[in-house]
Amino acid sequence: MTTSKRIYLCLAHMGGREMDFIREAFDTNWVVPLGPNVNGFEEDLKRFCGDESKEVVALSAGTAAVHLALLACGVGPGDEVMVQSFTFCASSHPVTYLGATPVFVDSEADSWNMDPELLDRAIADRIEKTGRKPKAIVPVYLYGMPARIDEIVAVGEKYGIPVIEDAAEGFGSRFDGRVCGTFGRYGVLSFNGNKMITTSGGGALICPGPEAKNEIMFYATQARESYPYYQHERIGYNYRMSNICAGIGRGQMLVLEDHIAHHRHVQALYRELLSDVDGVTLHENPSPHYDSNFWLCTVTLSPTLKVKGHDKAYATAVSGAVGGAAGVTHAAADTHTDCEPNANVEAMRVFLDAAGIESRPLWKPMHRQPVYASNPAYVNGVSESLFKVGLCLPSGPMVSDDDVRYIVDSIKAAIDAD
């Protein structure tokens with residue numbers, strides 16, 4: 001099979017009653033960051049969480065949700081926050097917005113997420129070194145895979161430190177049958193255009209109850225005091241989701257289970273088709289405790305493979321960002337950094353790109369990012385070793401069975417049998 005279309009990692013799919021809710025917003029002139037769709041979307045999300053004690057606030061981005069959760073946990077200048085290193089920068093950047101310091105914790109090899117034992121040792125060491133407890137713990141559900149969240153929450157309880165679950169990639173994933181994002185004090189969701197469902201952009205924060213929700217709402221709407229004029233005694237933010245975007249979200253909630261089922265179907269098809277490909281390993285649920293949404297399907301490539309073009313990997317500088325949303329990027333001064341995927345991974349990415357298939361390396365660990373070079377980090381080598389050999393493959397609702405077959409055929413074609 002050959003294809004003239006481009007196969008993207010994860011594209012939005014409008015399959016619910018999105019236009020009905022949007023039309024209602026226009027017809028009633030509710031286009032601002034409040035209205036029936038915002039309230040309805042929050043209720044839909046709360047029902048999906050399956051925990052009546054929780055409340056949900058719809059926000060402009062998942063990053064905004066991380067920011068406000070940290071603020072609600074009392075994070076401020078001079079504080080430290082324990083953050084998973086193997087993640088996208090949106091998990092750590094909001095810590096710096098508040099003048100605090102991310103302290104990075106490496107992953108365990110099964111889920112690729114925060115290592116609870118290493119976290120425990122790291123917190124004890126921070127207390128010994130600084131005389132203060134970190135203010136929060138931020139584990140991440142990488143590519144939708146649940147973390148050992150029960151153990152991470154237990155570490156937080158041991159030290160009296162709240163857990164903020166970054167479930168931006170994990171909406172619909174479960175651990176021990178429970179929805180990810182409902183274990184800690186706060187849970188972060190994202191509805192960016194490439195997530196399990198989308199509101200075009202946007203996010204939400206799962207809160208521990210009505211009082212916490214009201215406080216988050218206060219900060220998300222510019223922190224206004226109750227006077228007949230604008231009185232501000234604290235710094236607030238313009239982070240609320242619009243009624244139009246929430247309308248898209250309400251329509252998307254009607255197809256959420258279909259999207260989750262499709263991602264898992266794609267994972268199963270990759271499993272079948274890659275089973276006889278030596279040197280290519282699909283990342284799977286480590287045990288029955290884990291129930292990933294497989295937001296992205298990921299593989300590791302054995303260093304013993306010889307991918308066509310590996311001898312020319314990194315020979316040409318990339319123009320723009322690989323696998324990212326639209327935006328402005330700085331031109332790279334060099335084709336190499338001191339921590340990068342190996343030549344096989346880059347050669348496979350280039351080969352697939354030429355075949356019309358979007359792929360991208362795993363997240364570069366935050367403790368190896370130049371912007372965080374001086375931050376404390378507790379590492380065991382897991383995230384760096386995975387970054388060197390890992391690749392993300394298309395898995396979204398627009399990826400068909402024929403697409404998966406074409407992708408696997410292309411992977412096979414890229415491997416030099418000699």
Colleague: Quick check: closest heavy atoms across V140 and S91, and the distance to 0.1 Å?
Modeller: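 So the minimum-distance heavy-atom pair works out to CG2-OG, 3.6 Å.
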
Colleague: Minimum heavy-atom separation for N37 and A25, please, with both atom names.
Modeller: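 In this case the closest contact between N37 and A25 is ND2-CB, 3.9 Å.
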
Colleague: Do R6 and E358 meet the salt-bridge criterion of a basic N to acidic O distance under 4.0 Å?
Modeller: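 Not counted as a salt bridge, because no side-chain N and carboxylate O are separated by less than 4.0 Å.
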
Colleague: What do the steps show when you test V105 against Q84 for side chain to side chain contact (heavy atoms under 4.5 Å, CB included), and what is the final call?
Modeller: CA-CA 5 Å; V105 180; Q84 182 167 313; over 6 Å; no

Colleague: Quick check against the 3.5 Å criterion: does E284 have a side-chain atom that pairs as donor or acceptor with the backbone of R271?
Modeller: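 Such a contact is absent between E284 side chain and R271 backbone.
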
Colleague: Mark yes or no for whether D120, through its side chain, and V155, through its backbone, hold a donor-acceptor pair below 3.5 Å.
Modeller: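 Side chain of D120 to backbone of V155: no pair is present.
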
Colleague: In the structure I gave you, are the side-chain heavy atoms of D106 and H367 within less than 4.5 Å of one another anywhere?
Modeller: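 D106 vs H367: side chains touch.
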
Colleague: Check this for me, if you would: do D409 and R405 make a salt bridge, where the nitrogen-to-carboxylate-oxygen distance has to be below 4.0 angstrom?
Modeller: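 Salt bridge flag = no for R405 with D409.
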
Colleague: Counting only heavy atoms not in K312, do more than 12 sit closer than 6.0 Å to its NZ atom?
Modeller: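 Not buried by this count: 12 neighbours or fewer within 6.0 Å.
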
Colleague: Indicate the atoms forming the closest heavy-atom contact of F294 with S395, along with that distance.
Modeller: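 Nearest pair, atom of F294 first, then S395: O-OG, 3.8 Å.
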
Colleague: Any salt bridge linking E42 with R240? Criterion: basic side-chain nitrogen under 4.0 Å from a carboxylate oxygen.
Modeller: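 Salt bridge: yes.
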
Colleague: Within the side chain of K54, is there an N or O that forms a donor-acceptor pair under 3.5 Å with the backbone of G209?
Modeller: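 Answer holds: no.
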
Colleague: Is there a donor-acceptor contact under 3.5 Å linking the side chains of T198 and S200?
Modeller: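 No, no side-chain donor-acceptor contact under 3.5 Å.
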
Colleague: Ring centroid separation for Y290 and F175, is it under 6.0 angstrom?
Modeller: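 Yes, close enough.
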
Colleague: So, the side chain of R264 versus the backbone of S292: is there a donor-acceptor pair under 3.5 Å, distance only?
Modeller: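 Indeed, once roles are kept as given, a pair shorter than 3.5 Å links the two residues.
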
Colleague: Can you confirm whether more than 12 heavy atoms, excluding those of D311, are under 6.0 Å from its CG atom?
Modeller: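 Yes, CG of D311 has more than 12 neighbouring heavy atoms, counting only those of other groups under 6.0 Å.
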
Colleague: Do you know the tightest heavy-atom contact between G170 and C180?
Modeller: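 Here G170 and C180 meet closest at O-CB, 4.1 Å.
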
Colleague: Tell me whether the guanidinium CZ or amine NZ of R349 lies under 6.0 angstrom from the six-membered ring centre of F351 and within 45° of its axis.
Modeller: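 Verdict for F351: no cation-pi partner in R349.
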
Colleague: Between E340 (side chain only) and T337 (backbone N and O only), is there a donor and an acceptor less than 3.5 Å apart?
Modeller: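 Yes, E340 side chain to T337 backbone: donor-acceptor pair under 3.5 Å.
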
Colleague: I'd like to know if R178 pairs up with E165 as an ion pair, taking the criterion as any Lys NZ or Arg NE/NH1/NH2 lying under 4.0 Å from an Asp or Glu carboxylate oxygen.
Modeller: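 E165 and R178: not salt-bridged.
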
Colleague: Under the side chain to side chain contact (heavy atoms under 4.5 Å, CB included) rule, what do V299 and I411 come out as? Steps first, then yes or no, please.
Modeller: CA-CA 11 Å; V299 294; I411 291 171; 5.7 Å; no

Colleague: Which of parallel (below 30°), tilted (30 to 60°) and perpendicular (above 60°) describes Y143 and W363?
Modeller: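 Parallel.
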
Colleague: Checking the side chain of S410 only, and the main-chain atoms of Y406 only, is there a donor and an acceptor separated by less than 3.5 Å?
Modeller: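 Yes.
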
Colleague: Is it true that E18 and R250 have a side-chain N and a carboxylate O under 4.0 angstrom from each other?
Modeller: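 Salt bridge absent between E18 and R250.
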
Colleague: Could you give me the CA-CA distance, side-chain angles and deciding distance for F21 and F41, then say whether ring-ring contact (aromatic ring centres under 6.0 Å, His included) is met?
Modeller: CA-CA 11 Å; F21 292 111; F41 187 39; 9.8 Å; no

Colleague: Kindly state whether the ring of F104 and the ring of F86 have centres lying under 6.0 angstrom apart.
Modeller: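 Centroid separation for F104 and F86: 6.0 Å or greater.
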
Colleague: Between K135 and G76, is there a donor-acceptor pair closer than 3.5 Å when you use the side chain of the first and the backbone of the second?
Modeller: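 No, because the side chain of K135 does not come within donor-acceptor range (under 3.5 Å) of the backbone of G76.
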
Colleague: Tell me, which pairs form a ring-ring contact (aromatic ring centres under 6.0 Å, His included) where one or both residues lie in residues 243-277, sequence neighbours left out?
Modeller: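 Residue pairs with at least one partner in residues 243-277: H13-H259.
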
Colleague: Taking the side chain from N293 and the backbone from G172, do they hold a donor-acceptor pair closer than 3.5 Å?
Modeller: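 Answer holds: no.
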
Colleague: Just checking, any donor-acceptor pair under 3.5 angstrom between side chains of S53 and D51?
Modeller: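 Per modelled atom types, S53 and D51 side chains form a pair under 3.5 Å.
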
